[in-house]
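Atoms within each ligand, like the ligands themselves, are counted from 1 in listed order. All values reported here derive from a predicted model rather than from experimental measurement.
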Amino acid sequence: MSILTRRNFLGSVAAAGGLAALQKVVGAEGPNRSRSDPGPANPTLDGQNPDSIWPPNTDSKSLVQNFKYPFSFANKRTYEGGWSREVTVRELPVSKTLAGVNMRLTAGAFRELHWHTAGEWAIMLYGNARITAIDLDGKSFVADVGKDDLWFFPSGIPHSIQGLNPDGCEFMLVFDDGNFSESETVLLSDAMAHLPPEVLAKNFAVNQEAFKNVPKQELFIFQADVPGSVEADQKAAAGTRGRSPQNFAFRTMQMPPTLKTKSGEVRIVDSSNFKVSTTAMALVTVHPGGLRELHWHPNADEWQFYISGKGRQTVVDTGNKARTMDFQEGDVGYVQKTLLHYIENTGDTDLVFLEMFGKVNRFQDLSFSEWLAHTPPEAVMAHLRIDKATYDAIPKNGGVVMPLA
Ligand code: MN
Ligand code: MN
């Protein structure tokens, strides 16, 4: 086959594939000239967002506020030692009550000692870090955290994060305030640079000369040496006062799944098992073909982070509105308090994501099927025009991740 003929051959295969895809989208309605998009297009983004390009017929024509923002769109602040990027209410206007910051630290690099008003919840996505804090009694906390471990620093508690061997870390911070910004925190270096030297000398009981090398600019993220053993740091920080009895860290994988079905599993961590935390988490795994069942949350907005896999989610809004959007690794999703939603695995690998809730003591959800299964059958049948056999088939105890078996 000559190069020219081969090209023509490949071209005709591609055209045939395109036609098949069009017919597949159109489905039972048959070919429809309205379902064409002849103008400029971005095939990569279109391919990642099939439910925005051709929404299911059940989506409303009236708009539902966008509830997706990929971290790929976020602007990285880069430093010697790592980087930081954030998705807040400024990037995703619907996300009024929670914000996320994704950060990478090389081995030895610090996220500078600092504090802020928002509560800081975190999950380690890769590698290892040493975290430090003090509690309200001034007692020290120092711990090493690894993949899937969590931490929580309540409002005003000062803390630091440092990457460890062999390759530092990457983590996701979730703040219980959509307006949070990682650029608006109280930094140790900033604070020192803005205080008169004679005040510093008096405060720390040393002479002014001692502080002559204090940085004039914020550090934020900076490279340092990998620290020694955690035991040595714990001992040195505790001094004669002793270590904090509070645990600001949580080992997610040391607990069994809270719920497990044939189609996936859920680990729920809130103040019932992670005492210091007022941010609740569900870490959800949905196997291919599975569905995080229809539900809603009565007590808080939900901030989602997609860790791996692909899925789609419909949010049913008030006022006869609904929108379906597609999600994949690195995306943030958001569902306002009490709105009905599901998340379906549309890929061929496990879909893993976080459901986060700020300023709550408990994870709470209401299952759509559980509600109907515990409402008088005649009432449900009259509303939905279903028969008794269909009513009886509805799971009685919710599904969390469907199908159950
Ligand atoms: Mn912080
Ligand atoms: Mn949910």
Side-chain angles (χ1 to χ4, degrees), residues 67 82 84 86 88 97-103 105 110-123 129 131-134 141 145 150-162 171-177 180-188 190 218-221 248-249 259 264 266 268 270 279-284 286 291-306 311-316 325 327 332-344 351 353-358 360 362-368 370 398-402:
F67 50 88
S84 168
E86 63 189 23
T88 71
T97 69
L98 295 136
V101 173
N102 180 206
M103 199 176 286
L105 297 174
F110 274 105
R111 164 64 174 98
E112 184 182 354
L113 280 156
H114 70 285
W115 71 91
H116 36 72
T117 306
E120 171 177 320
W121 180 97
I123 186 167
I131 55 175
T132 76
I134 60 162
F141 172 83
V145 288
L150 314 180
W151 69 78
F152 186 80
F153 297 128
S155 175
I157 293 293
H159 52 278
S160 67
I161 309 157
Q162 185 179 22
F171 48 89
M172 180 61 62
L173 305 170
V174 183
F175 297 91
D176 56 8
D177 174 7
F180 179 84
S181 173
E182 193 65 5
S183 315
E184 301 289 333
T185 64
V186 184
L187 304 176
L188 174 61
D190 251 358
E218 68 163 36
L219 297 170
F220 191 72
I221 289 173
F248 293 95
L259 294 152
V266 180
I268 294 172
D270 61 19
T279 294
M281 170 197 87
L283 173 60
V284 183
V286 181
L291 178 79
R292 169 76 174 94
E293 69 163 342
L294 280 156
H295 67 281
W296 67 95
H297 306 276
N299 59 339
D301 289 2
E302 171 177 347
W303 187 94
Q304 302 164 341
F305 177 65
Y306 289 81
R312 68 168 181 169
Q313 166 166 257
T314 301
V315 173
V316 179
M325 297 191 84
F327 293 86
V332 172
Y334 199 86
V335 184
Q336 290 165 281
K337 185 159 75 173
T338 75
L339 296 186
L340 180 66
H341 57 285
Y342 68 84
I343 297 145
E344 182 182 29
L351 174 65
F353 63 94
L354 296 171
E355 300 180 10
M356 303 301 312
F357 307 88
V360 295
R362 291 289 182 274
F363 170 89
Q364 290 183 345
D365 71 349
L366 281 162
S367 155
F368 200 45
E370 209 169 15
V400 186
V401 189
M402 297 295 290

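- Take L294 and apply the side-chain contact (heavy atoms from CB on, under 4.5 Å) test, not counting sequence neighbours, and it matches L340, Y342, F368.
- In this structure, E302 and M356 have side chains that are not in contact, with every pair of non-hydrogen atoms separated by 4.5 Å or more.
- With values rounded to the nearest 0.5 angstrom, T314 atom OG1 is found 11.0 Å from H341 atom NE2.
- Every residue meeting the side-chain contact (heavy atoms from CB on, under 4.5 Å) condition with A280, not counting sequence neighbours, appears here in chain and number order: D270, F357, V360, F363.
- Listed by chain and number, the protein N, O or S atoms at a distance under 2.8 Å from the Mn ion (ligand 1) are H114 NE2, H116 NE2, E120 OE1, H159 NE2.
- Distances from the Mn ion (ligand 2) under 2.8 Å pick out these protein N/O/S atoms: H295 NE2, H297 NE2, E302 OE1, H341 NE2.
- Using cut-offs of 30° and 60° for the angle between ring planes, the H297 and H295 rings count as perpendicular.
- The aromatic rings of F153 and F248 sit tilted relative to each other, their planes meeting at an angle between 30° and 60°.
- Contact detail for S160 and T132: the closest heavy-atom pair is OG-OG1, 2.6 Å.
- We find the CG-CG distance between D176 and D301 to be 12.0 Å, quoted to the nearest 0.5 Å.
- Taking the six-membered ring for Trp and the full ring otherwise, F67 and Y334 have centroids separated by 6.0 Å or more.
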